[in-house]
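Below is one structure, written out as structure tokens; the observations come after it.
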Amino acid sequence: MEGQLLGDRYRLVRQLGEGGMGEVWEARDEKLDRQVAVKVISLLAGREGRGDEARARFLREARITGRLQHPYIVSVHDLGESDTQRGTVPFLVMELVRGEGLDVKLREGSVDLAEAARWGAQICDALGDAHAHGIMHRDIKPSNILVTPSGTVKVLDFGVARAADPYATADRLTQTGFIVGTPPYMAPEQARGHPEPRSDLYALGCLLFELVTGRLPFQAPDSVGYLTAHLSQQPPAPSSVAAGVPEAWDAVLLRLLRKDPAERYASAADAAQALRRLADAPEPVPAATAPLTKAWPSSSPGGPSPRKPVAPRSWIAIAIWLLITLVAATVTAANIDGAEDGRDVASGAGAVAIATVGLIIWFAVQASGGSSRDGRP
Ligand code: ATP
Ligand code: MG
């Protein structure tokens, strides 16, 4: 599709990503002479009348969510349909955000607690604004949150999951009863087909749980497993899953993850307030010994292998190695008297070699222990 002109105006430059509904491209708006992002909903592609209704519905719904204007919500500039080899395809033109998705940040493992709390609060601000306009997100998950270079979030795909549901009909639009969303992050009531604004808070709870502990609240082999867990299992306390997560986080995350929406925060604004308190809280005592920056297994299959930072205990091992090396060097230097230099140097070198082998074994054991930690499938 590279080089293709959509809507007589948007020239596709390079593909930025691909999701369940289609692809996202960086494009040049030739009319306004600026870069934009274009989401091509290939899921709704069709020929000669096929899917006309679904596409019309998509445009109608996307027009509503496109009215949202908020610093933490990606702006929608335009909507359109284009004739491609695959038939008529609807597309959505957005502000191009230079930044990284939380899915990428998760894979890199470079998330600290205060940062996660700040992002969480900003996502709540975005949700609060949308909820006030009668719009639910329905698909809060890491790939739908971008973080700009200045460190603020941009929430993507507001309401798009529902708008792009190819199985919905105009008739069913007026009813609840069809399920859209992403199972690992889906609130129990949404899994039952009755999403409400606080379902977004539940999904945010799953996302923040994953950010601070490195794993989702529930592990399951497939979508049915996730939905069953959301419906019937109690999530563990985050502090019991990852060392270094303060107990203050347990209360906030477990409240976001309550099965009954009425037991969650009453509004996104209330959740934002709780998260800002966590962001402003002084660093917990264990943080002095355990780094807040953690690495964990990739949350998406086939992703790059996780980076493992040097843990404090490793520094102790390095310090012991340095001490042995220094003592060996000092003793060897002191013993050099001309008579038995060869043996003195050999025993000094031997001590350093044994310490080095010990250090290598230590790191090997640490590395194998870390890689056996389990992520989600
Ligand atoms: P889904 O189809 O369920 O939303 P997804 O979120 O993984 O799946 P897309 O929404 O298609 O996939 O987005 C793919 C990727 O494109 C995102 O992960 C994001 O990195 C990038 N992207 C999306 N919108 C923009 C944008 N406005 N600016 C910059 N990058 C974007
Ligand atoms: Mg998306």
Side-chain angles (χ1 to χ4, degrees), residues 1-2 6 10 12-29 32 34-45 54 58 61-62 65-66 68-80 89-108 119 123 126-127 130 136-150 152-168 178-186 190 195 200 203-204 206-207 210-211 216 223 226 298-304 376:
M1 283 175 82
E2 195 182 321
L6 298 191
Y10 307 103
L12 301 187
V13 177
R14 69 186 176 98
Q15 192 172 336
L16 296 173
E18 189 167 5
M21 300 169 215
E23 308 100 63
V24 176
W25 286 75
E26 178 176 339
R28 179 119 202 117
D29 177 350
L32 287 180
R34 63 174 178 180
Q35 299 301 105
V36 292
V38 175
K39 182 159 184 161
V40 184
I41 317 286
S42 36
L43 185 70
L44 296 181
F58 169 80
E61 291 255 321
T65 58
L68 292 175
Q69 277 193 325
H70 190 274
Y72 302 143
I73 299 177
V74 76
S75 334
V76 173
H77 296 322
D78 195 7
L79 283 166
V89 189
F91 62 86
L92 191 102
V93 183
M94 304 167 264
E95 133 191 39
L96 175 69
V97 182
R98 307 276 180 196
E100 244 177 13
L102 285 189
D103 52 332
V104 176
K105 297 239 181 246
L106 267 168
R107 281 201 293 272
E108 287 173 349
W119 293 337
I123 297 168
L127 290 173
M136 290 182 258
H137 190 288
R138 294 166 192 255
D139 199 13
I140 290 288
K141 60 177 172 180
S143 67
N144 279 341
I145 315 289
L146 293 178
V147 179
T148 67
S150 62
T152 57
V153 309
K154 289 275 184 185
V155 183
L156 299 165
D157 285 348
F158 254 101
V160 172
R162 169 172 150 135
D165 178 3
Y167 303 107
F178 61 90
I179 299 170
V180 291
T182 304
Y185 304 89
M186 201 183 286
Q190 190 169 341
D200 287 338
L204 175 66
C206 295
L207 184 154
E210 192 178 14
L211 274 182
L216 282 158
S223 297
Y226 279 117
S298 163
S299 57
S300 64
R376 81 178 148 97

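Residue numbers run from 1 in the order of the sequence given. Atoms within each ligand, like the ligands themselves, are counted from 1 in listed order. Computed from a prediction, not measured in an experiment: that's the story for all the values here.
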Check your understanding: Does even one non-hydrogen atom of T182 get within less than 4.0 Å of ligand 1?
Key -> no
Exercise for review: Quick one: closest heavy-atom pair of S143 and L156, and the distance?
Suggested key: O-CD1, 3.8 Å
Review point. What's the shortest distance from atom 16 (O) of ligand 1 to any protein heavy atom, and which residue and atom give it?
Key: V24 CB, 3.6 Å
Review point. Among protein heavy atoms, which lies nearest atom 2 (O) of ligand 1, and at what distance?
Key: G20 N, 2.9 Å
Point to revise | Protein residue, atom and distance nearest to atom 29 (C) of ligand 1, heavy-atom basis | key: V97 O, 3.2 Å
Point to revise | Heavy atom of K39, distance to ligand 1 below 4.0 Å | key: yes
Review point. Which protein heavy atom lies closest to atom 26 (C) of ligand 1, and at what distance to 0.1 Å?
Key: A37 CB, 3.6 Å
**Study point:** ligand 1 atoms in contact with L16 (distance to a heavy atom under 4.0 Å)
**Key:** 29 (C), 30 (N)
Review point. Which residue holds the protein heavy atom closest to atom 4 (O) of ligand 1, what is that atom called, and what is the gap in Å?
Key: D157 OD2, 2.9 Å
Review point. Taking only heavy atoms of G19, which atoms of ligand 1 are found under 4.0 Å from at least one of them?
Key: 2 (O), 5 (P), 8 (O), 11 (O), 12 (O)
Revision key, fill the gap. Shortest non-hydrogen pair, F91 vs V40, comes out as CB-CA, 4.2 Å
Exercise for review: Report the nearest protein non-hydrogen atom to atom 5 (P) of ligand 1: residue, atom name, distance rounded to 0.1 Å.
Suggested key: S143 OG, 3.4 Å
Exercise for review: Locate the shortest heavy-atom distance separating P195 from R138; write the atom from each residue and the value.
Suggested key: CG-NH1, 3.4 Å
Check your understanding: What are the two closest heavy atoms between W25 and E2, and how far apart are they?
Key -> CH2-N, 3.5 Å
Review point. With distance as the sole test, does D200 use its side chain to make a donor-acceptor pair with the main-chain N or O of H137 at under 3.5 Å?
Key: yes
Review point. L216 and C206: which non-hydrogen atoms are nearest, and at how many Å?
Key: CD2-O, 4.1 Å
Review point. For the Mg ion (ligand 2), does an N/O/S atom of S143 lie at less than 2.8 Å?
Key: no
Exercise for review: Check for a donor-acceptor pair, side chain of N144 on one end and backbone N or O of D139 on the other, with a separation under 3.5 Å.
Suggested key: yes
Study note, to complete from the structure: Per residue D157, nearest N, O or S atom to the Mg ion (ligand 2) is named OD2
Review point. How far is atom 19 (C) of ligand 1 from its nearest protein heavy atom, and which residue and atom name does that atom have?
Key: L146 CD2, 4.1 Å
Review point. Is it the side chain (CB and beyond), the backbone, both or neither of K141 that lies under 4.0 Å from ligand 1, heavy atoms counted?
Key: side chain
Practice item. Examine V74 against ligand 1 and note whether any of their N/O atoms are separated by less than 3.5 Å. Key: no
Check your understanding: Tell me: protein heavy atom nearest atom 27 (N) of ligand 1, and distance?
Key -> E95 O, 2.9 Å
Check your understanding: Counting only N and O atoms by type, is there a donor-acceptor contact under 3.5 Å from the side chain of E26 to the main-chain atoms of L96?
Key -> no
Practice item. First locate atom NZ of K154, then atom OH of Y72, and finally report the distance between them rounded to the nearest 0.5 Å. Key: 9.5 Å
Point to revise | Cationic N near anionic O, under 4.0 Å, E95 to R34 | key: no
Study note, to complete from the structure: Nearest heavy-atom approach of I41 to V89 is O-CG1, 3.5 Å
Revision key, fill the gap. Here the atoms of ligand 1 under 4.0 Å from any heavy atom belonging to L156 are 23 (C), 24 (N), 25 (C), 27 (N)
